[in-house]
Every structure is written in structure tokens, then in C-alpha cells.
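Proteins get letters first, then strands, A, B, ... in listed order; numbering begins at 1 in each. Predicted model, so just to flag it, every value in this text is computed and none were measured.
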Number of protein chains: 2
Amino acid sequence: MPPSGNRSTPVIKDVAQLAGVSVPTVSRYLNGTAKVSTEKREKIAQAIKLLDYKPSFVARALANKVMDSVTMLTSLSTYWATTEVNSGAEHAARDHGFLFGVTSLDGISDDEIESTINRVLSANPAGLIISESDELVIQLLHQIPKDIPLVLIGGSRGDAPYQVIPSEREGGRVITEYLFGLGHRNVVHVHRREGPNNNTRTLGWRDAMTDAGIQAMEAYQVGTDLSESVELGRKLAQDEDLTAIFAGNDETAISLIKGLRDEGVRVPEDVSVAGYNDQIFAKMWDPALTSYSQNFVELGRQAFEMLYAQIEAKRSGEEPPEPECRVVEGELIVRDSTAAPGRRG
Amino acid sequence: MPPSGNRSTPVIKDVAQLAGVSVPTVSRYLNGTAKVSTEKREKIAQAIKLLDYKPSFVARALANKVMDSVTMLTSLSTYWATTEVNSGAEHAARDHGFLFGVTSLDGISDDEIESTINRVLSANPAGLIISESDELVIQLLHQIPKDIPLVLIGGSRGDAPYQVIPSEREGGRVITEYLFGLGHRNVVHVHRREGPNNNTRTLGWRDAMTDAGIQAMEAYQVGTDLSESVELGRKLAQDEDLTAIFAGNDETAISLIKGLRDEGVRVPEDVSVAGYNDQIFAKMWDPALTSYSQNFVELGRQAFEMLYAQIEAKRSGEEPPEPECRVVEGELIVRDSTAAPGRRG
DNA sequence: CTGAAAGCGCTTACAG
DNA sequence: CTGAAAGCGCTTACAG
């Protein structure tokens, strides 16, 4: 609340007057951009407290040519992982005193994308976080001026100088190796269409298969229509050699389980089925699903921290930080849908 | 891309020079704030296109004392409904050329809340959307200057002059009446702790119960630990008169179903169980869950539209729109977990 | 260490 | 209809 008598919210001039100093001095005090005598420091501090003065973001942004804000460019705005990524980044931004903007790129035509991005840039954000979803977003990287700090979430290693990615490929490997460790001789993989990047679960599965000396194996691909996966489960039930399935996501996993059961195959007694993502229902399922959990909130947080380092370096005229592709590790969650091979093995 | 030769991004002065007019004239053209001769209009239009000029958000914000941006104040940032609400609001904002900011209030201490809000306000947003989660947020409404456009999502009817709420109470009523319509004589309700507002599922259930002439019935309250609900399911299985349960959310519903089944009670043959929220797993469950689906994306969209109407009115000096509490209707989704009463009924 | 001056990019009265 | 001037709230050289 501004003190009574003062009509609107206080500005730097009010502080200067009350403290008996000039406006630039208050500015220097605020930003630590030059020494201010102890005496004046105290007076200014008092005045600020008294008036409950908050510097204007926009005036600052205009003078500095850059706003204390970052914006997240995203598609798939309602995808559950996006939520967590955004939340992690937003909290970190907030804690550093940065405003956090979100602009989605889904649902607009290709030629509107450029103007949307220009609009975002015209707000002078200090940096951008781009969260990858498809090829389009990667292309978009090239449309962004090189001098604006940027970090890419996801994508292939090397798509951008500053990048943070979830341990997707590692996750695929871990879950497959876990199944091998249980004693299974082979792990069948079922997945949906994956992006063209080099950090996928399927590649991780293949890594583990190769290490295990199994090369020829093909993965099954399914669509998002779950009945297709149920159908596949029924079909796979016929394969007497099958003992372990790594499904690329939890929904596919439970659908496969349904299909297997339809044919009298028990999970995990006859066939182990692991999912991926550790979605909310994974632990509630019967049997509770073994899965792989990514820490998307942390992914968002690290993306902001990485961006912040660039922003600070730029601001203080230092060398930019070393380019880096940070990977945020997920975690294997073992539950009841996987076990050592039974009669089939 | 700025034309070669021009170092940085073009500003209004560049446009004015190229078009051979004064800066204010370009401004008038841009904002339609005064007539500009056709001749100059064309020259300006050309210059803008040639330079690919975009007005600076922040300069505009400083001059206008208000930025073309809205910010969403929220808690529960990773809650699934929050995501959808945000997405709906963000898309609407984007389509109106507004920047969209998000600031979460969770995870900060009570005394940081005020300064966080002040920070948000110091960016001169044109309006605020507050998405209700708990009492705290409602109190917070009073800390916000009256002259800034605002809409509240959720809360009790009347908590704010401009409000948009999901049909929660109506949903509770609809689902209960649906069960009565199936022939059930009584509907037991199990819910988690609900906010103190007057728009809850439980109140809707009670409305329907009262209409059916059943008043004394108490609801069961459970925590978020699902094993508690499983336990309750086992206990309820003993009640030979029980034929229908309305669970306040899908997770509780499936847990109750587990408990009932543990005791040999079949769903829906012996007992119907309806959930609420229509979460992603509802349709995948066995039996697929009857539930009530809210359109949270639409909720967010309408919130922005309502805010936008206020912003426009204020900007053009018109009377503000009539206060309004809009309700966004959800939808009953009938699936396999509910049926007419069987042997018990 | 500190003030007067100029500028960030735009808009809004003020005079034509 | 249109230009010259002043201002939005802050920061950054420039001189002390």
C-alpha cells in the first residue's frame, strides 16, 4: 500500500526525494552498480521501506533493453510432462525474481509461428526456454537471434549449445537390463512413434539388447488407440517363448496386460511387463506397474538455472558458460508387474 | 530479420523515417487512435512490412502504464486441472496478442506472497487471472488494487465480481441423480477434504439426496492415501443394503472398487461405483469408470475472455461489463462401473 | 562517491 | 490530418 496522501504507486523519484538524494543514486543503490556512501544507503533504504517502493519492471526493461523475464516456448501444452517442466522452470524463475511467460506454439499455422515468436521477442525477455516436442520446434531454433540466451529442453544431443534432456535413452537401457537381470533371455519392446532424436527409450532398449548379444530383434509399433495394444497383447500371448515386455509407456503396458490376460497369460507369473513414465495410475494398477520415472520438474528447474547462468554472464560482460548438455536422471521403479521368468522361461 | 545494413531490430523512428512521416503519425496509424491520410497510411504500411517492424511491448507498456499481458496467479502448479486451465487461458491470450505470464504461489512463505504479487504488478499486466485453490488465494483477492481487471477461477459464487467456475456442484447432483435414475434407492458418497466454498461435488450430492427425500445420510471422508479407500471399500462391502457409491474422484473410485472386490462384491453387478474428473485412466480401468468430466481448458479460455472484456472496456473508457459468475458445464460420462441395481437392490 | 543530462521506444496532449 | 514537445520510470555515460 502506498502511504496515504500519495496517489499512486511510488516511483524512483519519490524515493530520491524522500531520501534527499538524486535519482541516479537510488538507481546505483538498487543495482549495486556503483558505490554509495553508507549515510545515503541508509536513508535510501529507509525511504524504500517507508514507501514500499518496487522498481518498475517495464521501465527497467526499456532502459536495459532487457526484461527480467524468461519465456517458455512450448507445444503440447496439456501434456502432463509439459506441466511439470513448466512448473519446475517457473518456480526457479520466481525464486530468482524473474517473471515467467508461457507461449504455446500449438494450434497456430506455420506462418503465424514466426510472428508469434517476434511478439515474444518484442517483450525483451532475458532468455528463452524451448521445450522440444517435434521437428518443427528444432527448426525454429534457427529463427531465433543468436544473442539471446536460450536453452533447449529435449531434442537430440547437440541440437543446441545449451541443453537439458531427460535420461530417456538411459531409461530404456536400465529397464531392459533390469529385465535381463531378472533372468529373462529376451525382452520384447512395444512403443509408439518416437521423435527422430537420438535420445529415445527405444534406442536405449536396443543398446541393452546389443550388449546382451541380441541384434536382430524388431520392436513393435502401436498407435495411441489402446485397443490396438490390447490386440497386440492377445497376439503376443501366443508366443510361448515370450517372457518379458518393455512397453514404451504405461498406457501401452496396461493395454498389453489386458490382452495377455484375455488369453489366459498371467502377469507377472508368465510374462513380465514393464511400463515407462510412471504415470499416476501406474502404482494403482493391478498388478502395480514397474516403470521408469522421469523428474520433469527438475528438468525445468535445471533449464532455468542453465539459462540464468547465461543471462548473468551476459549481463556482467563475462564469457558465456561452457556449452553443455545436462542430463537429468530418472529412476527405475520396481513394482509387481515384473518378476523372474516362470514356467515359460 | 532486420534488413541488412540496419544493425538491430527496427524501431518506430525507422518506420517514420522510411515512410517520411513523424513518429506520432506512425503511432496513430498503429493504434488507430486518430485519422491518418490514406497516402501516409500506405507509406507507413509499406515501411512496416519492409522493415518487419514490431512495436516494442515494453516501450508501449511504459507509455501506456499497462502492458499487453495478463498473468495467471496459481497454486497447485502441477495439478492436472491447473494445466488445462492455464492452457486454455494461454491460448486465448496468445490469440488476442497478449503475453501470458504464470506466477505460482505455492512453496513460498506467507510473507513472501505480498512481495511476489507486488513484483507481478510492477510489470504492469493488463489484468490478472487468479485460480482458486484454497482459502489463502481468496484472501489474497483483497490485496489486489481494485482498478486492475481481474477474474477469479473457482471459489464460492460471489467471491469476486468476475468469476468463472466449473459446474462442480451441478456435477455432483447430476451424477447422483443418474444413479437414482438407474433405480438405486440410496447413494453413498465418499470424498476427500473439499474447500470451504459453496460449489462442491458433495453439496451437489446432498442437493440430489435432499430432492430424493434422503436427508440424514452422512458422507465418508478419506485422505489421499489410497489404501485408506481400499480399506473403506472392504468395510462398505459388508453393508448388504449398499448398491451405489458416488466417489468424489476417480482415484478414490478405483480404490473403493478394489476393496469391494477383495470381499467378493462385484462392480457393477452388485454395487455401482461412479468416479469424478474423468482422469486419463478412467476409461482404461476395468471396469471402465463412469465419471464426470469438466472442461478445464474451456474454463481457462472463458476466464481470459472475461478478463479481456474488462481490459477493453477500461482501455476505451467505457463502462466495465456487468459483474458475472459464468459456469462452465461438465459432462456425465457413462461407462461400465455403474448399472441398475442387481441382486442386492 | 554523486548530480545533471540524455536516452531507451512509445504515446498523448498541444498547437496548428 | 499532422508535427514538435513532453513524459512514462529507469539507467548509463559524463563531469565533477
Side-chain angles (χ1 to χ4, degrees), chain A residues 2 6-44 47-48 51 53-69 118-119 121-124 126 315-317, chain B residues 2 6-44 47-48 51 53-69 118-119 121-124 126 315-317:
Chain A
N6 228 8
R7 54 215 68 189
S8 64
T9 88
V11 299
I12 197 172
K13 201 208 284 184
D14 301 322
V15 175
Q17 276 176 358
L18 188 59
V21 302
S22 74
V23 165
T25 299
V26 177
S27 174
R28 288 179 196 114
Y29 167 85
L30 251 19
N31 302 300
T33 165
K35 292 239 142 75
V36 175
S37 70
T38 329
E39 184 196 12
K40 309 215 172 197
R41 300 183 69 78
E42 283 170 3
K43 284 190 177 167
I44 295 173
I48 287 176
L51 295 170
Y53 166 75
K54 309 276 169 189
S56 154
F57 256 91
V58 318
R60 215 169 224 184
L62 185 58
N64 286 334
K65 315 281 289 167
V66 52
M67 184 124 139
D68 278 356
S69 77
N118 280 335
R119 181 142 44 78
L121 293 176
S122 80
N124 293 1
R315 199 161 282 183
S316 60
Chain B
N6 229 8
R7 55 216 67 190
S8 65
T9 89
V11 300
I12 198 172
K13 202 206 285 183
D14 301 323
V15 175
Q17 276 176 356
L18 188 60
V21 301
S22 75
V23 166
T25 299
V26 178
S27 175
R28 289 179 196 114
Y29 167 84
L30 252 18
N31 302 299
T33 164
K35 292 240 143 76
V36 176
S37 70
T38 327
E39 185 196 13
K40 309 215 174 199
R41 300 183 69 78
E42 283 170 4
K43 284 189 178 169
I44 295 173
I48 288 176
L51 296 170
Y53 166 73
K54 308 275 169 191
S56 154
F57 256 90
V58 319
R60 217 169 221 182
L62 184 58
N64 286 335
K65 315 282 289 170
V66 52
M67 184 124 138
D68 277 358
S69 77
N118 281 334
R119 181 141 46 77
L121 293 177
S122 80
N124 294 359
R315 200 160 282 182
S316 61

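Ranking C:dC10, D:dC10, C:dG3 by closeness to the A:Pro55 side chain, first place goes to D:dC10. Listed nucleotides: D:dT11, C:dA4, D:dG9. Nearest to the side chain of A:Pro24: C:dA4. Comparing D:dT11, C:dA4, C:dT12 by their nearest atom to the side chain of A:Asn64 picks out D:dT11. If you check D:dT12, C:dC10, D:dC10 against the side chain of A:Ala63, the one that comes closest is D:dC10. Listed candidates were D:dC8, D:dG3, C:dT2. Nearest to the side chain of B:Leu62 is D:dC8. Between C:dT2, D:dG3, D:dC1, one nucleotide has an atom nearer to the side chain of B:Lys40 than all others, and that is D:dG3. With D:dT11, C:dT2, C:dT11 as the candidates, the nucleotide lying closest to the side chain of B:Ser27 is C:dT11. Counting only heavy atoms from C-beta on, A:Val21 has its side chain closest to C:dG3 among C:dC10, D:dC10, C:dG3. With distances taken from any side-chain atom of A:Arg28 to the nucleotides D:dC10, C:dT2, C:dC10, the minimum falls on C:dT2.
In this structure, B:Arg60 does not reach the C:dG9 phosphate: none of its side-chain N or O atoms is under 4.0 Å from OP1 or OP2. Of the side-chain N and O atoms in A:Lys65, one or more sit less than 4.0 angstrom from OP1 or OP2 of C:dG9. For C:dT11, neither phosphate oxygen OP1 nor OP2 lies less than 4.0 angstrom from any side-chain nitrogen or oxygen of B:Tyr29.
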